[in-house]
Amino acid sequence: MIMLNAAVGLGILMQALVAFAQITVYYQQGQQPLASGTSSASSGNYTGAAAYNPTVLNPPAPPNPAIITNFAIQLQNGGTPGASIPQMGSFFGFSIETSVVNQVLGKNSSVLQVPFLNLMANLAQRVGRVNIRVGGNTQETAVLVPSTPDGKILEKDIANASNPTQTPPLIFTPDLIYMMGNISALVDIRWHLGIPFNDTSNFRLGIAEVGQAVLGDHLIGLQVGNEPDLYVAHGHRPSTYGPFDYTGEFSTLVAAVANDSNIPNKNLLIGPNIATGAWTPEMVWNTGFVDEFSTNLAFLAVEHYPTDNCFAQFGVGSPQDPQTLFPTYLNHGAGQAIVAPYLNSTAFAQTKGKQLLMFETNSASCGGFAGISDSFGAALWGLDYGMQMANSNFSGALFHVGGQSVFYNPFTPPPTNQSTFHQWTIGPIYYSALVMAEALGPTNSSQVLDLVANSNNTLTPAYAIYENGNPVRVLLFNYITDPSGANTITVNISIGGGQTGQANATPSQVQVKYLLAPSVSTKGNFTWAGQTFGANFESDGRPQGTLDVQTVQCDQTANICSISVPAPGVALVFLTNAALTEITNAAPSTTFSTTFLTKTGNTLTIDPSVLATSNGHAGMDANKDNLGSTSHGSVSAAEVTGRLEGGALVFSAIVFGAMMVGRGLVMW
Ligand SMILES: *[C@@H]1O[C@H](CO)[C@@H](O)[C@H](O)[C@H]1NC(C)=O
Ligand SMILES: *[C@@H]1O[C@H](CO)[C@@H](O)[C@H](O)[C@H]1NC(C)=O
Ligand SMILES: *[C@@H]1O[C@H](CO)[C@@H](O)[C@H](O)[C@H]1NC(C)=O
Ligand SMILES: *[C@@H]1O[C@H](CO)[C@@H](O)[C@H](O)[C@H]1NC(C)=O
Ligand SMILES: *[C@@H]1O[C@H](CO)[C@@H](O)[C@H](O)[C@H]1NC(C)=O
Ligand SMILES: *[C@@H]1O[C@H](CO)[C@@H](O)[C@H](O)[C@H]1NC(C)=O
Ligand SMILES: *[C@@H]1O[C@H](CO)[C@@H](O)[C@H](O)[C@H]1NC(C)=O
Ligand SMILES: *[C@@H]1O[C@H](CO)[C@@H](O)[C@H](O)[C@H]1NC(C)=O
Ligand SMILES: *[C@@H]1O[C@H](CO)[C@@H](O)[C@H](O)[C@H]1NC(C)=O
Ligand SMILES: *[C@@H]1O[C@H](CO)[C@@H](O)[C@H](O)[C@H]1NC(C)=O
Ligand SMILES: *[C@@H]1O[C@H](CO)[C@@H](O)[C@H](O)[C@H]1NC(C)=O
Ligand SMILES: *[C@@H]1O[C@H](CO)[C@@H](O)[C@H](O)[C@H]1NC(C)=O
């Protein structure tokens with residue numbers, strides 16, 4: 001495929017920096033690269049950033065008595081009762097805390113994070129687009145300002161933090177939105193923003209005005225209030241504040257937006273965004289909220305984390321022991337339990353013709369848990385939970401991205417003072433996103449069904465994905481860790497025949513991709529179809545290694561395809577060739593090939609036709625192609641220049657570092 005088979009490893013990048021005298025690297029004081037990589041700390045005394053915490057938990061022992069390891073799944077063509085509403089392949093997206101966008105997305109509109117672009121391009125290539133919310137607790141008190149004294153796109157003031165998650169108040173400039181716009185010009189990302197809601201008598205609508213002006217139809221939602229059911233607990237509203245008060249405030253906002261000619265699209269609002277802490281969704285629905293604001297509501301949304309780690313992080317709440325909690329994440333019931341309180345609401349949303357989103361979620365609030373949120377087990381958990389939401393008629397889910405101080409990040413840029421010698425760290429939840437994108441595919445019409453497999457065994461769930469009523473893919477999980485092989489499961493998939501009253505329809509062969517790691521406890525180096533994003537600090541956002549898609553011959557006489565799934569592991573079974581090929585062709589396989597993407601002059605303006613015709617180019621370098629049509633001439637090693645500036649590796653755009661040409665990697 002497609003993008004990669006080879007990629008720029010950190011070592012190679014550094015060698016390249018050293019090898020080419022043309023590169024000028026200006027280090028700021030105190031920012032010289034360390035002689036070797038990370039210092040290794042024993043987990044017990046680790047004092048570094050949470051995102052790289054080395055804690056490894058013990059995997060749960062294999063179940064005793066043993067589970068049934070060989071079982072059948074019977075599917076049928078022509079429609080299956082209970083399958084979900086049609087889902088878009090972009091179901092699994094991300095929620096990025098505003099205060100970290102200048103680390104994750106880029107420094108400003110002209111210095112973008114290339115690993116981020118690559119990570120998003122991987123998903124867009126499979127399903128066409130990626131949905132991202134920029135917001136969080138910080139959105140409520142955020143202030144849009146024309147500029148900041150030091151020229152940065154955002155400034156935080158941690159000293160003024162006034163809520164239990166210690167999220168800093170912030171100011172930001174329009175360039176933050178321009179940065180999002182410039183990202184969407186490269187990769188089809190659709191954005192959600194949040195309107196500050198701390199002061200409902202004096203709304204600050206600037207983010208909606210600039211957002212619509214700059215992002216156009218790439219802005220798909222404007223959140224109204226973040227977790228209003230926690231306002232009282234956080235001291236942001238009087239103790240009497242309830243769902244009717246929220247509905248009233250929402251009404252005030254609708255009027256303000258109606259009155260603002262700089263917000264042309266008045267129907268992008270999202271509510272009620274409750275944490276499902278103090279309030280149930282029904283308490284809001286029962287105010288008449290959806291009917292009253294139906295025209296203005298682009299989506300309905302809730303937010304939820306299954307538990308919290310606030311005691312360890314902030315001394316609030318009850319202590320939790322990750323080792324004790326770990327098994328509770330490692331079964332099918334985990335995702336089901338989160339979704340259960342919303343089943344009535346997904347049904348209610350359907351009756352109102354609305355889509356319900358899980359707007360912010362992850363393994364635990366207050367940053368997740370060391371050893372759980374960053375383990376391979378979390379990849380299985382996130383994927384099963386995501387599929388369970390799709391099965392249960394949510395219409396999308398956004399997994400939260402915090403900063404260096406959280407365990408659950410799908411992806412983490414290196415600390416800014418390490419960005420010259422470290423690359424990104426890709427967490428388990430990004431693998432969940434990638435696999436779910438492939439499971440759903442790009443058609444916007446896939447329907448998901450929890451198969452209640454293996455007599456509803458909670459350690460071996462399975463889902464079918466249907467298009468036009470026919471099964472096209474099957475997703476199989478094995479949550480057990482057992483290197484002996486005794487808990488490897490064999491799933492015998494049949495289509496038609498048997499009790500279905502249909503002719504045998506099992507194909508002669510199927511193709512299978514595996515998501516694998518040695519243990520649910522493993523950190524880093526997970527593989528999806530043989531490819532990986534490596535361990536801590538090892539990724540430029542492109543999967544590395546040789547793509548491994550296995551072909552399994554079926555027994556058409558017996559009407560069975562037998563698929564084995566190791567313990568632990570996930571198998572995505574492609575029942576038709578089209579089911580496999582469509583997920584590699586949804587968008588051009590654009591990748592970007594250095595640490596930061598910098599626009600100088602007009603060079604970042606990419607002609608969409610260049611992208612559109614780039615399909616099939618391995619690791620196309622967007623800037624290079626663009627430059628090919630300008631007078632800058634060809635890009636070669638001799639032109640490479642780079643400099644370190646405020647911790648960001650900035651290359652001038654004429655200058656892309658490593659680039660993929662044809663099927664090979666040409667270094668610098
Ligand atoms: C990066 O900054 C952190 C926090 O200020 C500091 O502890 C660390 O030593 C710095 N690392 C380098 C390589 O300068
Ligand atoms: C943590 O440090 C203490 C004191 O230096 C030491 O006794 C202990 O063994 C360390 N714990 C681990 C897990 O390394
Ligand atoms: C973005 O940051 C770079 C590096 O500091 C700077 O040169 C450039 O002018 C900034 N761009 C904008 C639009 O502020
Ligand atoms: C709302 O937040 C803004 C910006 O942080 C602040 O200036 C203002 O005082 C706050 N208003 C209320 C009512 O909390
Ligand atoms: C934030 O802190 C600064 C300095 O302590 C203070 O002057 C300012 O009033 C505070 N702002 C808010 C909104 O609390
Ligand atoms: C990219 O950012 C620049 C400001 O640096 C802005 O002028 C331009 O409109 C942005 N492009 C898009 C597509 O948002
Ligand atoms: C509507 O906008 C006008 C002009 O900006 C302003 O005078 C008026 O107070 C606004 N009305 C409401 C209800 O916000
Ligand atoms: C489902 O939600 C609707 C709308 O809020 C409510 O009227 C109904 O009572 C709820 N049903 C259950 C079983 O909770
Ligand atoms: C999802 O919606 C479909 C279509 O309305 C329905 O058949 C199915 O039972 C729903 N699934 C769940 C888990 O609510
Ligand atoms: C899926 O839906 C999106 C948004 O409506 C649309 O842009 C895209 O073209 C659709 N894809 C297909 C294959 O229909
Ligand atoms: C599957 O097991 C779960 C957890 O025990 C239970 O809640 C659910 O009702 C079961 N589903 C079926 C279809 O038996
Ligand atoms: C990840 O894999 C690489 C290559 O196989 C290996 O060198 C490295 O030690 C592994 N790292 C971890 C943390 O397993």
Side-chain angles (χ1 to χ4, degrees), residues 85-91 93 105-112 117 123-131 146-147 151-153 173-191 210-221 243-244 247 272 274 276 279-292 298-300 302 340-352 354-356 393 395-396 437 440-446 467-468 472 578 581-583 585-587 597-608 611-612 622 626 653:
I85 57 177
Q87 299 290 4
M88 290 181 67
S90 53
F91 187 100
L105 303 187
K107 185 174 180 181
N108 60 33
S109 66
S110 56
V111 182
L112 307 181
L117 295 176
L123 296 169
Q125 184 208 344
R126 285 160 173 81
V127 294
R129 57 167 65 182
V130 185
N131 299 326
S147 62
K152 292 184 180 165
I153 60 171
T173 71
D175 201 52
L176 190 157
I177 317 268
Y178 281 111
M179 175 171 75
M180 293 161 62
N182 280 333
I183 288 170
S184 287
L186 295 169
V187 181
D188 192 353
I189 294 178
R190 307 284 161 149
W191 305 95
V210 177
Q212 291 200 6
V214 172
L215 300 175
D217 63 4
H218 286 90
L219 179 67
I220 58 171
F244 279 98
T247 300
I274 59 168
T276 328
W279 307 348
T280 63
E282 284 82 1
M283 289 166 69
V284 181
W285 311 147
N286 293 346
T287 66
F289 176 79
V290 179
D291 288 335
E292 185 174 353
F299 301 95
L300 307 177
V302 293
Y342 302 108
L343 291 176
N344 186 40
S345 294
T346 58
F348 171 75
Q350 286 187 60
T351 69
K352 299 293 180 185
K354 292 293 176 193
Q355 299 187 334
L356 181 68
N393 300 316
S395 293
L440 294 181
T443 63
N444 296 340
S445 62
S446 48
E467 283 177 15
N468 303 312
V472 291
T581 56
E582 71 179 12
I583 52 102
N585 291 323
L597 183 60
T598 301
K599 181 185 65 165
T600 58
N602 298 320
T603 48
L604 195 59
T605 312
I606 311 279
D607 178 351
L611 292 177
N626 183 55

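Values reported hereafter were calculated over all heavy atoms of this structure, with side chains retained and with hydrogens, waters and symmetry mates removed. When a ligand or atom number is given, it counts from 1 through the structure's own listing order. Just so it is clear, the model here is predicted, and its values are computed rather than measured.
Here the options are Ile189, Leu215, Asp175, Leu219, the test is side chain to side chain contact (heavy atoms under 4.5 Å, CB included), and the partner is Met180; only Leu215 passes.
For Asn444, there are no side-chain hydrogen bond (donor to acceptor under 3.5 Å, both in side chains) partners at least two apart in sequence or on another chain. Remark: Trp279 pairs with no residue by the side-chain hydrogen bond (donor to acceptor under 3.5 Å, both in side chains) rule, at least two apart or across chains. Among residues two or more places apart in sequence or in another chain, the ring-ring contact (aromatic ring centres under 6.0 Å, His included) test is passed with Tyr342 by Phe394.
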Could you list, one pair per line, each nitrogen or oxygen of ligand 10 together with any protein nitrogen or oxygen closer than 3.5 Å, giving atom names and the distance rounded to 0.1 Å?
from	atom 1	to	atom 2	distance (Å)
ligand 10	2 (O)	Asn444	ND2	2.2
ligand 10	7 (O)	Arg129	NH2	3.2
ligand 10	11 (N)	Asn444	ND2	2.9
ligand 10	14 (O)	Asn444	ND2	3.4

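Considering both main-chain and side-chain atoms, Ser110 never comes within under 3.5 Å of ligand 6 through any nitrogen or oxygen pair. Among the atoms of Trp285, none of the N or O lies under 3.5 angstrom from an N or O of ligand 8.
Residue contact check: Gly181 has heavy atoms under 4.0 Å from atoms 12 (C), 13 (C), 14 (O) of ligand 6.
A donor-acceptor pair under 3.5 Å links the side-chain atoms of Asn182 to the main chain of Ser109, judged by distance alone.
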- Run the numbers on Phe348 and Val290 for side-chain contact (heavy atoms from CB on, under 4.5 Å), then give the verdict. CA-CA 10 Å; Phe348 171 75; Val290 179; 3.7 Å; yes
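The number of heavy atoms from other shown groups lying within 6.0 Å of NZ (Lys354) is above 12.
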